Amino acid sequence: MKKITQLTLTFLLLGALTSCSESHFREDKIFAGGKFVTAKTLNKGKTLYTEFCMPCHGVNGDGKGVASKGMKVPPRDFTTGIFKFGLVPSGELVHDKHLFTLLDKGLTGTAMLPWDLSEDQKESVVQYIKTFAPKVWEGKDKDLGAEVQLVKDPYGIAHKTAAIEKGKKIYHGEANCQSCHRAYVGLKELGQLSGENPREIDMEVYTQKPQETEWGFQNIPPDFTWDLVRSANTVEELALRLAAGVGGTSMPAWKDTITDEQIWAVAYYVKSLTELKDTDARKVLMEEIKNSNKAYGK
């Protein structure tokens, strides 16, 4: 009899908890871009979030879940309404399909793994996440960012070598990417590409420079020969990331700052650098840079 009573109480408690979860949202909402979402969808999203996302992202969506402690890459804080990897100019509101892609693929080198969720589940979770930043997302007057579009890859495999060489010149010259990331050529060549006197170039160009973010912590731009690029693996993905930038960080959207052709070239160059990771070719490159810089006493 005692066991039956305990079992009955357990079911009643579970029923009460389920009931609370299902009734958390009682009204439908309209999000940015005129997205209408029912209370039923939000309640389903809350249940899924609580089960799968809350341990890292926290009960309040602030990225302070119990599992977040000790993580090298902090879980996203949803309360700002800012996402790093949407395909809109950095700082603008991302589209649902961009967030679906993050759920499908995860983020390389982080605890954010690919999730095997149905379309309906992804829809529910994504809409629920928006409720953590109501001032940013809620209201039919809020607009989504314009999706970044690039011209078709003008290089392709046939012109890959030329693209890499051109991309190197833009990376170290016009775009000055080493101001945040690092340089991958010696001082002499860097001076030729940047127009600076090699003797006056600060050796800091060979270091990664931590940058402030919208979340209150610093972000370290990747060394492409050593670190993993979280949201991009292919040349096309790198080109789109360059074009859109990284939301909430100092990585700007390069679309309309340099041409689409230049963006593709830099993407080919960055891709070639990522392929050096864990190879002897990287050691050779670093040794070449070190030896060439000795001519300048550095």
Side-chain angles (χ1 to χ4, degrees), residues 80-95 97-98 101-102 107 143-156 159-185 189-196 201-202 204-215 218-225 227-274:
T80 65
I82 300 171
F83 290 89
K84 275 186 167 182
F85 304 119
L87 293 181
V88 297
S90 58
E92 298 186 11
L93 290 180
V94 303
H95 295 231
K97 62 182 179 181
H98 303 153
T101 299
L102 292 176
L107 289 172
D143 294 322
L144 298 173
E147 287 194 84
V148 170
Q149 303 287 338
L150 285 176
V151 300
K152 185 180 178 182
D153 179 0
Y155 300 101
H159 303 288
K160 177 180 174 182
T161 302
I164 292 172
E165 191 59 29
K166 183 171 183 177
K168 181 168 75 171
K169 293 177 180 177
I170 298 165
Y171 179 101
H172 294 101
E174 188 170 352
N176 191 28
C177 300
Q178 63 269 7
S179 65
C180 293
H181 296 272
R182 60 155 293 166
Y184 299 97
V185 296
E189 188 174 2
L190 183 57
Q192 293 170 343
L193 297 174
S194 65
E196 298 177 83
I201 296 175
D202 195 314
E204 192 180 40
V205 295
Y206 296 108
T207 66
Q208 299 158 270
K209 279 68 75 178
Q211 308 289 319
E212 298 298 328
T213 70
E214 297 283 350
W215 297 279
Q218 290 188 320
N219 179 65
I220 300 177
D223 172 348
F224 297 113
T225 67
D227 300 310
L228 297 169
V229 180
R230 292 173 194 161
S231 67
N233 293 306
T234 68
V235 170
E236 181 179 7
E237 289 171 342
L238 287 166
L240 288 169
R241 181 55 48 220
L242 285 163
V246 179
T249 75
S250 58
M251 174 65 182
W254 285 94
K255 176 73 176 177
D256 298 331
T257 299
I258 57 178
T259 68
D260 284 9
E261 184 179 345
Q262 289 176 312
I263 288 174
W264 278 105
V266 175
Y268 272 98
Y269 178 56
V270 170
K271 177 61 177 174
S272 74
L273 294 171
T274 65

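Because only heavy atoms are used, hydrogens play no part in the values below, and waters and symmetry mates are left out as well, while side chains stay in. Note that the coordinates shown come from a computational prediction; the quantities given were computed from them, not determined experimentally.
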If I compare all heavy atoms of [X] with all of [Y], which pair ends up nearest, and what's the gap?
{"X": "A175", "Y": "W254", "result": "O-CH2, 3.5 Å"}
{"X": "A243", "Y": "V148", "result": "CB-CG1, 3.4 Å"}
{"X": "V235", "Y": "A267", "result": "O-CB, 3.6 Å"}
{"X": "S90", "Y": "A253", "result": "OG-N, 3.8 Å"}
{"X": "Y206", "Y": "A183", "result": "CD2-O, 3.6 Å"}

With [X], which residues qualify under side-chain hydrogen bond (donor to acceptor under 3.5 Å, both in side chains), at least two apart?
{"X": "Q192", "answer": "none"}
{"X": "E165", "answer": "none"}
{"X": "K169", "answer": "none"}
{"X": "T259", "answer": "Q262"}

Counting C-beta onward and ignoring hydrogens, is there a side-chain heavy-atom pair between [X] and [Y] closer than 4.5 Å?
{"X": "I263", "Y": "I258", "result": "yes"}
{"X": "Q218", "Y": "Q211", "result": "no"}
{"X": "P222", "Y": "L228", "result": "no"}
{"X": "F85", "Y": "H98", "result": "no"}
{"X": "H172", "Y": "S194", "result": "no"}

Query - Stepwise side chain to side chain donor-acceptor pair (under 3.5 Å) test for N176 and Q178 - result: CA-CA 5 Å; N176 191 28; Q178 63 269 7; 3.1 Å; yes
Please list all pairs meeting salt bridge (Lys or Arg N to Asp or Glu O under 4.0 Å) that have one or both residues in [range], counting only residues at least two apart or in different chains.
{"range": "residues 244-254", "answer": "none"}
{"range": "residues 255-265", "answer": "K166-E261, K255-D260"}
{"range": "residues 227-237", "answer": "K105-E237"}

Report task. Tell me, please, which residues at least two apart from T207 pass side chain to side chain contact (heavy atoms under 4.5 Å, CB included). Result -> E204, K209
Query - side chain to side chain contact (heavy atoms under 4.5 Å, CB included) against T249, all qualifying residues, sequence neighbours excluded - result: K84, T213, W215, N219, V246, M251
Query raised in the report: In chain order, what residues pass the salt bridge (Lys or Arg N to Asp or Glu O under 4.0 Å) check against D223, with sequence neighbours excluded?
Result: R282
So how far is it from [X] [atom1] to [Y] [atom2], rounded to the nearest 0.5 Å?
{"X": "Q208", "Y": "F224", "atom1": "CD", "atom2": "CZ", "result": "9.5 Å"}
{"X": "I82", "Y": "E92", "atom1": "CD1", "atom2": "CD", "result": "12.0 Å"}
{"X": "E147", "Y": "L240", "atom1": "CD", "atom2": "CG", "result": "10.0 Å"}
{"X": "K168", "Y": "I170", "atom1": "NZ", "atom2": "CD1", "result": "12.5 Å"}
{"X": "T234", "Y": "R241", "atom1": "OG1", "atom2": "CZ", "result": "11.0 Å"}
{"X": "E214", "Y": "T80", "atom1": "CD", "atom2": "OG1", "result": "7.5 Å"}

Requested in this report: Could you go through the side-chain contact (heavy atoms from CB on, under 4.5 Å) check for L102 and L107 one step at a time?
Outcome: CA-CA 7 Å; L102 292 176; L107 289 172; 3.7 Å; yes
Requested in this report: Please say whether more than 12 non-hydrogen atoms of neighbouring residues, nucleotides or ligands are located less than 6.0 Å from CD1 in I220.
Outcome: no
Query raised in the report: Considering residues at least two apart in sequence or located in another chain, which fulfil the ring-ring contact (aromatic ring centres under 6.0 Å, His included) criterion with Y184?
Result: Y171
**Report entry** Pairs meeting criterion side chain to side chain donor-acceptor pair (under 3.5 Å) with involvement of residues 265-274, two or more places apart
**Finding:** D153-Y268
